[in-house]
Each structure stands twice: as structure tokens, then as C-alpha cells.
Amino acid sequence: MADMWAFRDAVGDWAAGGPGGPASELAIRLGLRTAVLLEGPSDLAAVETLAARRGRDLAAEGVCVLSMGGAMNVGRYAGLLGPPGLGLRLTGLCDEREQRYYDRGLERAGAPRDGVFVCVADLEDELIRTLGTERVEEIVRAEDDDLRAWETFLRQPAQHGRPRHQQLRRFLGTKKGRKIRYGSLLVEALAPDRAPAPLDDLLRSL
């Protein structure tokens, strides 16, 4: 796993304008065949948690899961990792409103677009709908660090009268790092054979 983190770092440096040699050498050493392009670290946490729950070691299977720091970076990453670059198979997960970036980026890289799985709003929304608001609120209330913050959040005038689903989704994004943590916590709360369709379809495609 240390080598996979090194590969991610090398790709990040490459995408920022650094040399591509280190990433290329690590890709060969790791036997990589597929790169999963994700918008951010919360998506990465969810994908890796679900894979682990299903007994899969993606790194051992030659699959690298990458957080690109935003969907607008997909063209750069697709060019480096796809047919024009390392020649890896490209797949990914994105929000519906960001799909256009994926479509354009993969098309420019000469990669198929049918390997990208789309969440209607975002992955947090998909997870909340799959688990149900009562279960998600139980998970939030069980986290000591978040219980008081959640109760304070609900008292805000802007939250009065809003559906619980919308409140939960907004709450997850109110503190740096919270979405990443809940990307794992919500997936861990799923039944092993049950996951939001985009996340399930992505994992089955790998």
C-alpha cells in the first residue's frame, strides 16, 4: 500500500507539472491496469471502504483509486494516465453536474466514457438515500465529536423546516474532513451486498 500512496503522490506531482518518470516506474512496479478517477477524498474513502468490506484488495488487482482534487482536473489526469500517457484503463465516479467534465476529458484522451458512473447529486446524497435518514442520523449522533455540532446545526434558522435528508447532506459538508470520515462510516453501515447503484456498479466494473 505504501507504493500505491507513492504512486498517487507521483501522479499528483506530474499533474502539477513535474516529471512523469516516477509515476511511470511505479505503475510498472505495481502492475497497474486501471485508474479510478474520483473528484475528491470522500469518494476515495467510500470506494476503498466498500472494496475492503467485500474482501477485495484493489492495489493487488492492479487498480489505483485517485482523488483528483476536483472534476475540472479530469482532462489532465485522463491524458496522463489513459491512452496518451500510461495507457491505463480509465473509470470513475462523478456527480451529475460534473459529468460534462468527465465526458470532455475522457473524449480528449481517447478513452471510453461508459466506465464513468454518475451520482444524481453527489455520493453523500446517494448514501443517505440508501441508508435512510434515520440510520444516518443515528450514525451522526453516535459520533461524540459531531453530536453537539449536529444539534447546534439543527437550531440554525436556515435549517428550520428543511427536510432531514437535506439537513444531513448539508451537515456533512460543514467541516473540513467530515465528508471524508463519513465516506467510510456510511459505507461501513451498509449491508455488505447493498450499496448505492453508482458505487456498486463502479466496484463491479473493476
Reported [atom1]-to-[atom2] distance for the pair [X] and [Y], which is rounded to 0.5 angstrom:
X	Y	atom1	atom2	answer
Arg113	Gln99	CZ	CD	8.5 Å
Leu127	Ile139	CG	CD1	9.5 Å
Leu199	Leu186	CG	CG	11.0 Å
Cys94	Asp43	SG	CG	9.5 Å
Arg141	Trp150	CZ	CH2	7.5 Å
Asp114	Thr91	CG	OG1	8.5 Å

Counting only pairs under 3.5 Å, give me each side-chain donor-acceptor contact of residues 52-66, with atom names and distances, residues two or more places apart or in other chains.
unit_1 : atom_1 : unit_2 : atom_2 : d
Arg53  : NH1    : Val187 : O      : 3.2
Arg53  : NH1    : Glu188 : O      : 3.3
Arg53  : NH1    : Leu190 : O      : 2.3
Arg53  : NH2    : Leu190 : O      : 3.3
Arg54  : NE     : Pro192 : O      : 3.1
Arg54  : NH1    : Asp200 : OD1    : 2.7
Arg54  : NH2    : Asp200 : OD1    : 2.9
Arg56  : NE     : Glu61  : OE1    : 3.4
Arg56  : NE     : Glu61  : OE2    : 3.2
Arg56  : NH1    : Leu203 : O      : 2.8
Arg56  : NH2    : Glu61  : OE1    : 2.6
Arg56  : NH2    : Leu206 : O      : 3.0
Asp57  : OD1    : Ala59  : N      : 3.3
Asp57  : OD1    : Ala60  : N      : 3.2

Q: For Arg181 and Asp146, run side chain to side chain contact (heavy atoms under 4.5 Å, CB included): C-alpha distance rounded to whole Å, both residues' side-chain angles, the deciding distance at 0.1 Å, then the answer.
A: CA-CA 11 Å; Arg181 184 156 50 90; Asp146 289 333; 2.8 Å; yes
Check [X] against [Y] and note the closest heavy-atom contact, atom names and distance.
X	Y	result
Ala195	Leu50	CB-CD2, 3.9 Å
Glu143	Leu185	CD-CD1, 3.8 Å
Ala78	Leu106	CB-CD2, 4.0 Å
Met4	Leu32	CE-CD2, 3.6 Å
Leu37	Tyr77	CD2-CB, 4.2 Å
Tyr182	Val140	OH-CA, 3.5 Å

If hydrophobic clusters are built by linking Ile, Leu, Val, Met, Phe, Trp and Tyr wherever their side-chain heavy atoms come under 4.5 Å apart, do [X] and [Y] end up in the same one?
X	Y	result
Leu131	Leu93	yes
Leu172	Phe153	yes
Leu80	Leu30	yes
Leu123	Val116	no
Leu90	Met68	yes

Is there a donor in the side chain of Arg170 and an acceptor in the side chain of Gln167, or the other way round, less than 3.5 Å apart?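 Note: Arg170 and Gln167 side chains miss the donor-acceptor criterion.
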Whether the Glu39 and Ser67 side chains hold a donor-acceptor pair (N or O, under 3.5 Å, no angle test) is what I'd like checked.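 Looking only at side-chain atoms, Ser67 and Glu39 do not form any donor-acceptor pair under 3.5 Å.
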Contacts table for residues 15-28: side-chain donor-acceptor under 3.5 angstrom, sequence neighbours left out:
none

Would you say the side-chain atoms of [X] pair up with the backbone N or O of [Y], donor to acceptor, closer than 3.5 Å?
X	Y	answer
Arg97	Ala121	yes
Arg148	Asp145	no
Arg76	Trp14	yes
His160	Arg155	yes
Asp122	Asp125	yes
Thr49	Ala46	no
Tyr101	Gly70	no
Glu126	Val120	yes

Query raised in the report: Does the cation-pi check pass for Arg178 over Phe171, that is, NZ or CZ under 6.0 Å from the six-membered ring centre and within 45° of its axis?
Result: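 Yes, Arg178 and Phe171 form such a contact.
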(request) Given side chain to side chain contact (heavy atoms under 4.5 Å, CB included), test Glu151 with Leu147 step by step and report yes or no. (result) CA-CA 6 Å; Glu151 292 175 343; Leu147 175 57; 3.6 Å; yes
**Prompt:** Any ion pair linking Glu48 and Arg8 (charged N to carboxylate O, less than 4.0 Å)?
**Reply:**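 Yes, charged N to carboxylate O under 4.0 Å.
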Report task. Please assess Val118 against Asp95 for the test side chain to side chain contact (heavy atoms under 4.5 Å, CB included), listing each intermediate value before the final yes or no. Result -> CA-CA 6 Å; Val118 182; Asp95 305 342; over 6 Å; no
Exercise for the section: Go through Arg104 and Glu107 one step at a time and tell me if the salt bridge (charged side-chain N to carboxylate O under 4.0 Å, His left out) criterion holds. Expected result: CA-CA 5 Å; Arg104 287 201 298 264; Glu107 184 176 10; over 6 Å; no
Would you check, one step at a time, whether the test side chain to side chain contact (heavy atoms under 4.5 Å, CB included) holds for Asp103 with Arg108?
-> CA-CA 9 Å; Asp103 287 346; Arg108 285 200 302 268; over 6 Å; no
- prompt: Going by heavy atoms in the side chains, are Arg129 and Pro196 under 4.5 Å from each other?
  reply: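 Not touching, per the 4.5 Å side-chain cut-off.
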